[in-house]
Structures are given as C-alpha cells and as structure tokens.
Participant: 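Please read through the structure below; I'll follow up with questions.
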Amino acid sequence: MTMNRVFRGLILSFILFMITACSNSQIAMTDSSLQKVGLLLEDTIDDQGWNSKGYQGLLNIQSTLGVDVYFKESVNSSEGVKTAVEEFDSDGVNLIFGHGRMFADLFSDIQGQYPDIHFVSFNGYVEGENITSLHFDGHAMGFFGGMVAGKMSESNRIGVIAAFPWQPEVGGFIDGVGYENNNAEVFVEYVYDWADVDQALINYEQMVNEGVDVFYPAGDGFHVPIVEEVKQDGLHVLGFVSDQSDLGETTVLTSTVQHVDDLYQLVAERFNHGELQSGNIYYDFQDGVITLGEFSSLVPTDFQEEVKDYVQEYIETNELPSHH
C-alpha cells in the first residue's frame, strides 16, 4: 500500500509538472507573438509607390491579423526615430517596421534598449537578436525590365534615372538591355535621393536631348513625374516598384514590381508564429514578392511570352538567360 501511494504520488507530481510546463510554454508563445505594429516612413504615404505600398502592407496586417497598428510619416532623422520608437514602446508595439534603408543603422543603434521589440528595416545590413533587414534582390527584376527596354527602343538609346548606385536593379537592367540588344547604349544618372523630383527631371531632359527613347526611373519618389513627362513626350518607360500600367497603357512597356505590401504581411505572420529570423533576409521572384507588371499592347505578344518563359525558368533554376 505504501508503494502504491508513493507511485500515485509520483504520477500526480508528473501530471502537475506537465501541466505547468505546458502552461509556461503557452505563456512563452504569447510573449513572443504579435501584439501591436508600428511603421515609420521617411516620406508621405501618398507617393503612389514605395511609401504607399508600405502603408498598404500595414493595413493588410491590421485586417488579416486583427492587431492595432500605428504609423508616422516624414520620420527622417535620428532624433525623430528615437522619439517615435519611445512612443510606440509606450503604446505596447512589439514589431516596428522602418520603411527604408536609413532605418537599418538607426534601429541598430537603439535595438539593445528595447529587447521586447523586433525591429525590421529594408536594404541595410544588421546584426542582433531582435533586428531584421529585408532585401529585395532587384538584379533579376532589372534584367527582365532591361530586356523589354532593349527590345522596344528604336533609337538604341536607353536611360536609367536611379536614386543610388547601390541599387542592384540598375546593374541588372544594363545586363538585360545588353542581352536583348547589344547595339543599345545605356545612359545612367543618379539623383542621390529617393524623392528629388527636380533633379530627376533635369536628368530626364538631358537624356531626351541625347536621343533616349526608353526610360527606367528607379526611384520611388520621382518615378511618377517621370512617367507623366515620358507620356507627354510620346516616349516609353518601365514602371518601378508598383504596376504603373494605369498611368499610361501604351507608354508603360511593363513594370518591375516589388510587392512590399505582401512582404509586410508575410513578415508579421512569421513573427506572430515565432519564426521571423534576425539578420539579413533576401527575397526575389521565387518568393512571390517580385514580379513583372502588365505589358503594354505595343510589346509584341510573342516577346511577352518569351520574357514570361524566362521569368519562369529563373524561378525554377535561379539562373538568368546568358545567350540567345
């Protein structure tokens, strides 16, 4: 009887231990899951491009995951970021997106002060337990856009108006033009700012004078004004970040689209399940967050199909075409 009581006592203790362990595990899951989300933007949400897509991504998170969201526009200084993060922290936010490259360094400086917040930025390089940088690998995106430009240019003069030299889509675009049309010359100018419309338009006018007839404005703050100018001048353009076929169906040959809004939701869901990696993560066509947009009716149908086949092959093999 004594042994029986001891045995029953051991069984009871084991059951209590398992209940406690499960309970603690559940608490840990709750602590690491999504509570509230904050978004910091360098510019405004109505740019029809990068920032508006970030805002849409935040709304997607709100609607699909049912959490409170907060955002602040025109946060473009170290002090502004620090103040905003303090406010988000007091509001109970535990996932903060900084919608651009500048936030990578600024988040890196303060992440240690907020161990319960996970910081997410774009295109920078980060290290730490609670910080992630998301990278759109834009080389292939640029390559396929360059193919279309090389095919459709009549003057064999093609212009890239980019924001910064580090953008991988610029090199990809040049390679794509060369693959499709080795007679074409590519002119490249950098604005050194995402949103300096005046400088971008100066670069545009210079290229028009050089005989450029197809443009790739790879900057989310000035791409729409460039598209409008191209349309007025009867020339052609590749859309950037969003599908800009609606700005001019025949003018916009196709667009190199980054589905930032979808990536926001993907990241939030991974964080919610405790699966969001720290460090630097790269995304491409294979992840469904980069695509080409609608083609202009001016682009020959057989060439559209050729490009789509190359994209599919790239998705399956991770290899770009290297010879015709």
Participant: Mind running side chain to side chain contact (heavy atoms under 4.5 Å, CB included) on Glu229 and Ile226 for me, showing each step along the way?
Facilitator: CA-CA 5 Å; Glu229 287 293 313; Ile226 295 292; 5.7 Å; no
Participant: Gln206 and Glu210: side-chain donor and acceptor closer than 3.5 Å?
Facilitator: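 There is no such pair (donor and acceptor under 3.5 Å, judged by atom type) between the side chains of Gln206 and Glu210.
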Participant: To the nearest 0.5 Å, what is the distance between CG (Leu247) and OG (Ser242)?
Facilitator: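 One finds 7.5 Å between CG of Leu247 and OG of Ser242.
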Participant: Hey, could you give me the CD1/CD distance between Ile96 and Gln111, rounded to the nearest 0.5 Å?
Facilitator: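 Separation between the atoms: 12.0 Å.
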Participant: More than 12 non-hydrogen atoms from neighbouring residues, nucleotides or ligands closer than 6.0 Å to CD on Glu127, yes or no?
Facilitator: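 Not buried by this count: 12 neighbours or fewer within 6.0 Å.
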Participant: Kindly determine whether Glu205 and Asn209 satisfy side chain to side chain donor-acceptor pair (under 3.5 Å), including the steps that lead there.
Facilitator: CA-CA 6 Å; Glu205 290 298 334; Asn209 292 335; 5.5 Å; no
Participant: Looking at Val257 and Gly293, what are the two nearest heavy atoms and their distance?
Facilitator: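 Of all heavy-atom pairs spanning Val257 and Gly293, the closest is CG2-N, 3.8 Å.
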Participant: Does any non-hydrogen side-chain atom of Lys72 lie less than 4.5 Å from one of Glu87?
Facilitator: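 Heavy-atom side-chain distance check passes, below 4.5 Å.
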Participant: Identify whether Val191 and Val208 are in the same connected component of the hydrophobic contact network (ILVMFWY, side-chain heavy atoms under 4.5 Å).
Facilitator: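 Yes, same cluster.
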Participant: Show the nearest heavy-atom pair for residues Asp91 and Lys36, with the distance to one decimal.
Facilitator: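 Reported closest heavy-atom pair: O-NZ, 2.9 Å.
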Participant: Which residue is it: Phe119, Tyr125, Phe122? I am looking for the one with a ring pair (Phe, Tyr, Trp, His ring centres under 6.0 Å) to Phe107.
Facilitator: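 The passing option is Phe119.
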Participant: Working to the nearest 0.5 angstrom, can you tell me the gap between Asn130 CG and Ile117 CD1?
Facilitator: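 Rounded to the nearest 0.5 Å, the CG-CD1 separation comes to 8.5 Å.
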Participant: With no hydrogens and no angle check, just 3.5 Å: does a side-chain donor-acceptor pair link Asn60 and Gln56?
Facilitator: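 A pair is found: one side chain offers a donor N or O, the other an acceptor, under 3.5 Å apart.
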Participant: Do we see a donor-acceptor contact under 3.5 Å between the side chains of Tyr204 and Asp233?
Facilitator: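 There is such a pair between these side chains.
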Participant: Rounded to the nearest 0.5 Å, what separates atom NE2 in His118 from atom CG in Asn94?
Facilitator: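 Answer for the NE2-CG pair, His118 versus Asn94, is 10.5 Å.
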Participant: Is there a donor-acceptor contact under 3.5 Å from the side chain of Ser121 to the main chain of Ser133?
Facilitator: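 A pair under 3.5 Å: no.
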Participant: Donor-acceptor pair, distance only, cut-off 3.5 Å: does the side chain of Arg101 make one with the backbone of Asn123?
Facilitator: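 Such a contact is found between Arg101 side chain and Asn123 backbone.
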Participant: Find out whether Val237 and Pro217 are in side-chain contact, i.e. whether some heavy atom of one side chain is under 4.5 Å from a heavy atom of the other.
Facilitator: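 The answer is yes, as the side chains (C-beta and beyond) meet within the 4.5 Å cut-off.
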Participant: Please report the shortest heavy-atom distance between Lys151 and Pro300, naming the atom on each side.
Facilitator: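 Taking Lys151 first and Pro300 second, the nearest heavy atoms are CE-CG, 4.5 Å.
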Participant: Got a donor-acceptor contact below 3.5 angstrom from the Asn272 side chain to the Leu34 backbone?
Facilitator: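 Answer holds: yes.
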Participant: Report the relative orientation of the aromatic rings in Tyr192 and Tyr190; use parallel for angles under 30°, tilted for 30 to 60°, perpendicular for over 60°.
Facilitator: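 Tyr192 vs Tyr190 ring planes: tilted.
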Participant: Before we go on, tell me: are the rings of Trp194 and Phe222 under 6.0 Å apart, centre to centre?
Facilitator: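 No: the rings miss the under 6.0 Å criterion.
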Participant: I'd like to check Glu269 versus Leu65 (side-chain heavy atoms, cut-off strictly below 4.5 Å). Are they in contact?
Facilitator: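 Sidechains of Leu65 and Glu269: in contact.
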Participant: Are Gln258 and Lys53 close enough that some pair of their side-chain heavy atoms sits under 4.5 Å apart?
Facilitator: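 When only atoms from C-beta onward are counted, Lys53 and Gln258 do not touch, as no gap falls below 4.5 Å.
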Participant: Ignoring hydrogens, what is the shortest heavy-atom contact between Ala140 and Leu320? Give both atom names and the distance.
Facilitator: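 Where Ala140 meets Leu320 most closely, the heavy atoms are CB-CD2, 3.9 Å.
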Participant: Counting N and O atoms only, with roles assigned by atom type, does the side chain of Thr132 sit under 3.5 Å from a partner on the main chain of Gln277, one being a donor and the other an acceptor?
Facilitator: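 Yes; at least one donor-acceptor contact below 3.5 Å.
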Participant: In the structure I gave you, are the side-chain heavy atoms of Glu319 and Glu313 within less than 4.5 Å of one another anywhere?
Facilitator: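 When only atoms from C-beta onward are counted, Glu313 and Glu319 do not touch, as no gap falls below 4.5 Å.
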Participant: Is there a path of hydrophobic side-chain contacts, each under 4.5 Å between heavy atoms of I, L, V, M, F, W or Y residues, that connects Trp50 with Val81?
Facilitator: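 No.
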Participant: Can Ile131 be reached from Leu39 by stepping across I, L, V, M, F, W or Y side chains whose heavy atoms are under 4.5 Å apart?
Facilitator: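 Cluster IDs for Leu39 and Ile131 differ.
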Participant: Once the angle between the rings of Phe143 and Tyr179 is folded into 0 to 90°, is it parallel (under 30°), tilted (30 to 60°) or perpendicular (over 60°)?
Facilitator: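 Phe143 vs Tyr179 ring planes: tilted.
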Participant: Under 4.5 Å between side-chain heavy atoms, hopping through other hydrophobics if needed: is there a path connecting Leu298 to Met147?
Facilitator: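 Yes, one cluster joins them.
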Participant: Atom CD1 in Ile110, atom OG in Ser78: separation rounded to 0.5 Å?
Facilitator: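 These two atoms lie 8.0 Å from each other.
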Participant: Quick test of your reading of the model: are Lys231 and Glu228 salt-bridged, counting only N-O distances below 4.0 Å?
Facilitator: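 Looking at Glu228 together with Lys231, the answer is no, because their closest N to O distance does not fall below 4.0 Å.
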Participant: Would you compute the distance between atom CG of Leu59 and atom OG1 of Thr64 and round it to the nearest 0.5 angstrom?
Facilitator: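 Reported value, rounded in 0.5 Å steps: 10.5 Å.
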Participant: Are Phe173 and Tyr216 close enough that their ring centres sit under 6.0 Å apart?
Facilitator: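 Ring centroids of Phe173 and Tyr216 are less than 6.0 Å from each other.
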Participant: Begin with the C-alpha distance, continue with both residues' side-chain angles, and end with the deciding distance and a verdict on side chain to side chain donor-acceptor pair (under 3.5 Å) for Gln244 and His223.
Facilitator: CA-CA 10 Å; Gln244 290 168 331; His223 60 329; 2.8 Å; yes
Participant: Of all the heavy-atom pairs spanning Leu253 and Met152, show the shortest one and how long it is.
Facilitator: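 Scanning both residues, the minimum pair turns out to be CD1-CB, 3.7 Å.
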Participant: State whether the number of non-hydrogen atoms from other residues, nucleotides or ligands found under 6.0 Å of Glu275 atom CD is greater than 12.
Facilitator: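 More than 12 heavy atoms, drawn from other residues, nucleotides or ligands, come within 6.0 Å of this atom.
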Participant: Between Asp261 and Gln265, do the side chains contain a donor N or O and an acceptor N or O under 3.5 Å apart?
Facilitator: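 Not at all, the side chains of Gln265 and Asp261 share no donor-acceptor pair under 3.5 Å.
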Participant: Centre-to-centre under 6.0 Å for Tyr310 and Phe144, is that the case here?
Facilitator: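 For Tyr310 and Phe144, the ring centres are not under 6.0 Å apart.
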Participant: Give a yes or no answer on whether the side chain of Ser255 reaches the backbone of Asp243 with a donor-acceptor pair at less than 3.5 Å.
Facilitator: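 Absent.
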Participant: With side chains defined as the heavy atoms from C-beta onward, is the minimum distance between Asn318 and Gln286 less than 4.5 Å?
Facilitator: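 Heavy-atom side-chain distance check passes, below 4.5 Å.
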Participant: Hey, mind stepping through His259 and Phe136 against ring-ring contact (aromatic ring centres under 6.0 Å, His included) and telling me if it holds?
Facilitator: CA-CA 10 Å; His259 298 273; Phe136 283 100; 8.9 Å; no
Participant: Is there side-chain contact between Thr254 and Val299, with heavy atoms separated by less than 4.5 Å?
Facilitator: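 Thr254 vs Val299: side chains apart.
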Participant: So, His139 and Glu169: side-chain donor and acceptor under 3.5 Å apart, yes or no?
Facilitator: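 Distance-only check fails for His139 and Glu169.
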Participant: List the steps and the verdict of side chain to side chain contact (heavy atoms under 4.5 Å, CB included) for Phe215 and Leu235.
Facilitator: CA-CA 8 Å; Phe215 293 84; Leu235 302 172; 3.8 Å; yes
Participant: Quick check: does any side chain N or O of Asp220 sit under 3.5 Å from a backbone N or O of Asn51, one acting as donor and the other as acceptor?
Facilitator: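 A pair under 3.5 Å: no.
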Participant: With a 3.5 Å distance limit and no angle check, can you tell me whether Asp213 reaches the backbone of Ser155 through a side-chain donor-acceptor pair?
Facilitator: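 Yes.
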Participant: Under 6.0 Å between ring centres, would you say that holds for Phe71 and Tyr55?
Facilitator: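 Distance test on ring centres: under 6.0 Å, yes.
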Participant: Please check if Leu95 and Val69 belong to a single hydrophobic cluster, counting links between Ile, Leu, Val, Met, Phe, Trp and Tyr side chain heavy atoms closer than 4.5 Å.
Facilitator: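 In one cluster with Leu95: Val69, yes.
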Participant: Going through the checks in order, is the side chain to side chain contact (heavy atoms under 4.5 Å, CB included) test met by Val212 and Phe187?
Facilitator: CA-CA 8 Å; Val212 170; Phe187 297 78; 3.7 Å; yes
Participant: Taking it one step at a time, do Val67 and Gln62 satisfy side chain to side chain contact (heavy atoms under 4.5 Å, CB included)?
Facilitator: CA-CA 5 Å; Val67 295; Gln62 182 184 39; 5.7 Å; no
Participant: What are the two closest non-hydrogen atoms of Ser153 and Val214, and how far apart are they?
Facilitator: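 Smallest heavy-atom distance, with atoms named: CA-CG2, 3.8 Å.
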Participant: Do Val37 and Val93 come close enough that some side-chain heavy atom pair is under 4.5 Å?
Facilitator: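 Not in contact.
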Participant: Ring-plane angle category for Tyr70 and Phe88, please: parallel below 30°, perpendicular beyond 60°, tilted otherwise.
Facilitator: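 The arrangement is tilted - the two ring planes meet at 30° to 60°.
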